[in-house]
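To start, the structure itself, in structure tokens.
Just so you know, these numbers come straight off a predicted model, no measurement behind them. By convention here, the first residue in the shown sequence is residue 1.
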Amino acid sequence: MSILKNVQPIYNQAKITSILILINIACFFISRLLDERGFSTFSQNRFLIDWGADIAQLTFSGQYWRLFTNIFMHVSLTHLAMNMLALWSIGTILERLIPPLAFIGIYLLSGLFGSLASDVATINYNVISCGASGAILGIITALLAYCLINRTDLQEMPIKSIVVSLLLTFGLGLLPSIDNMAHIGGAITGFILGGLISFCLEKFRNQKQICTILIITILIVSSLLLYWGYQHFQLISGYQYY
């Protein structure tokens with residue numbers, strides 16, 4: 001009971017970030033409890049692919065869900081821990097500044113566009129990629145955009161959290177099955193979405209309904225662009241990796 005009492009204030013402070021972290025942790029351990037290949041280096045590639053990792057030829061041949069599922073797949077415990085530390089250090093800050101729908105939209109769309117960027121860059125190669133890095137970098141750059149739009153003073157900016165998150169996330173680029181194009185795609189997406197949403201919040205500060213409609217419109221348009229991008233690069237169905 002004492003542990004729950006200590007955890008409760010943390011959860012209340014950043015519910016969405018906490019839930020996202022719990023989902024990532026659950027996906028990591030449940031997949032490995034159900035499939036022992038997750039603990040074997042020899043069969044890890046097949047394990048990652050079967051559980052939703054992203055590989056361009058499979059994704060563009062009709063397995064579009066990999067753009068999403070790979071965001072919650074991690075190669076190792078180190079990979080998971082570094083990503084979740086980065087998400088916690090920056091997600092808890094941004095979550096308090098923007099509406100919940102905007103936060104979730106930025107996280108998911110940054111991850112999805114990051115996956116798409118990775119697939120476009122590796123469409124002629126058998127590259128397996130997975131991880132929440134693209135989504136997390138989207139959250140980081142969205143916070144930067146928010147600070148710029150709101151003209152936040154340098155002393156008031158969470159410089160330490162941003163630097164820690166960037167170091168943890170970009171440091172993962174040295175690990176196997178981590179595609180840095182997903183980082184770039186997620187970062188650009190997060191900055192654009194964060195800037196647009198922050199502008200709406202600043203411009204229509206006292207008009208909640210208008211601001212909500214604009215945020216929903218931004219997220220819908222972004223989703224349509226994602227769909228168009230996928231359709232543009234779609235391949236003939238039936239590709240087999242192994």
Side-chain angles (χ1 to χ4, degrees), residues 14 16-21 23-25 27-28 53-54 66-76 78-98 102-122 127-149 152 157-198 218-219 222-223 225-226 229:
I16 300 174
T17 302
S18 300
I19 290 171
L20 288 172
I21 290 173
I23 291 173
N24 277 280
I25 293 173
C27 288
F28 181 85
D54 193 18
R66 292 182 181 276
L67 293 172
F68 175 79
T69 55
N70 91 92
I71 302 172
F72 298 95
M73 283 295 297
H74 289 84
V75 179
S76 64
T78 301
H79 185 198
L80 174 70
M82 291 176 72
N83 263 341
M84 293 308 100
L85 284 172
L87 176 57
W88 177 257
S89 64
I90 210 73
T92 52
I93 299 171
L94 183 63
E95 185 177 343
R96 296 195 297 267
L97 301 174
I98 63 176
F103 184 89
I104 295 171
I106 290 171
Y107 182 87
L108 292 179
L109 286 169
S110 295
L112 288 168
F113 272 103
S115 299
L116 183 63
S118 170
D119 287 337
V120 171
T122 61
V127 176
I128 303 170
S129 62
C130 59
S133 303
I136 294 168
L137 274 165
I139 293 295
I140 296 171
T141 54
L143 178 60
L144 288 172
Y146 180 91
C147 292
L148 292 172
I149 294 293
T152 305
M157 286 183 66
I159 299 295
K160 186 180 292 185
S161 296
I162 292 174
V163 170
V164 169
S165 296
L166 286 172
L167 288 175
L168 286 170
T169 309
F170 278 115
L172 290 171
L174 301 176
L175 295 176
S177 296
I178 312 299
D179 185 5
N180 286 310
M181 278 305 299
H183 293 176
I184 296 171
I188 293 173
T189 303
F191 188 80
I192 293 172
L193 290 177
L196 291 173
I197 290 171
S198 298
I218 290 169
L219 297 180
S222 300
S223 299
L225 286 172
L226 179 73

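Annotation for S118 and M181: closest pair CA-CB, 3.9 Å, computed over non-hydrogen atoms. The shortest non-hydrogen separation linking A145 to G194 is CB-C, 3.8 Å. Residues H79 and S133 come closest through the heavy atom pair NE2-OG, 4.4 Å. For I71 against S115, the heavy-atom pair with the smallest separation is CG1-OG, 4.2 Å. When all heavy atoms are compared, the tightest approach of M84 to A132 is CE-CB, 4.4 Å. The minimum heavy-atom distance linking A117 with G185 is given by the pair CB-CA, 4.0 Å.
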Using the rule given for side chain to side chain contact (heavy atoms under 4.5 Å, CB included), can you reason through I128 versus D54, listing the C-alpha separation, both sets of side-chain angles and the distance that settles it, and then say yes or no? CA-CA 6 Å; I128 303 170; D54 193 18; over 6 Å; no

Let's go through I140 and I136 carefully: what are the C-alpha distance in whole Å and the side-chain angles of both, what is the deciding distance for side chain to side chain contact (heavy atoms under 4.5 Å, CB included) to 0.1 Å, and is it a yes or a no? CA-CA 6 Å; I140 296 171; I136 294 168; 4.2 Å; yes

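In this structure, I139 CD1 and T17 OG1 are separated by 7.5 Å, a value rounded to the nearest 0.5 Å. Distance check: L108 CG to L67 CG gives 12.5 Å after rounding to the nearest 0.5 Å. Between the CG atom in L20 and the CZ atom in F103 there is a gap of 6.0 Å [rounded to 0.5 Å]. Within the model, atoms CG of L193 and OG of S110 stand 6.0 Å from one another, a figure rounded to the nearest 0.5 Å. Separation of atoms CZ (F113) and OG (S223) is listed at 7.5 Å; rounding is to 0.5 Å. Here the CD1 atom belonging to I16 is positioned 11.0 Å from the CG atom belonging to L87, to the nearest 0.5 angstrom.
Just one residue in the list L85, N24, V75 forms a side chain to side chain contact (heavy atoms under 4.5 Å, CB included) with L80, and that residue is N24. Each of I192, L109, T189 was compared with S222 under the side chain to side chain contact (heavy atoms under 4.5 Å, CB included) criterion, and only L109 meets it.
Side-chain atoms of T141 come within 3.5 Å of backbone N or O of G138 as a donor-acceptor pair.
For N70 and S129, the side-chain atoms include no donor-acceptor pair closer than 3.5 Å.
Using a 4.5 Å heavy-atom cutoff, the side chains of S18 and W88 are in contact. The side-chain heavy atoms of L143 and L97, taken from C-beta on, include a pair separated by under 4.5 Å.
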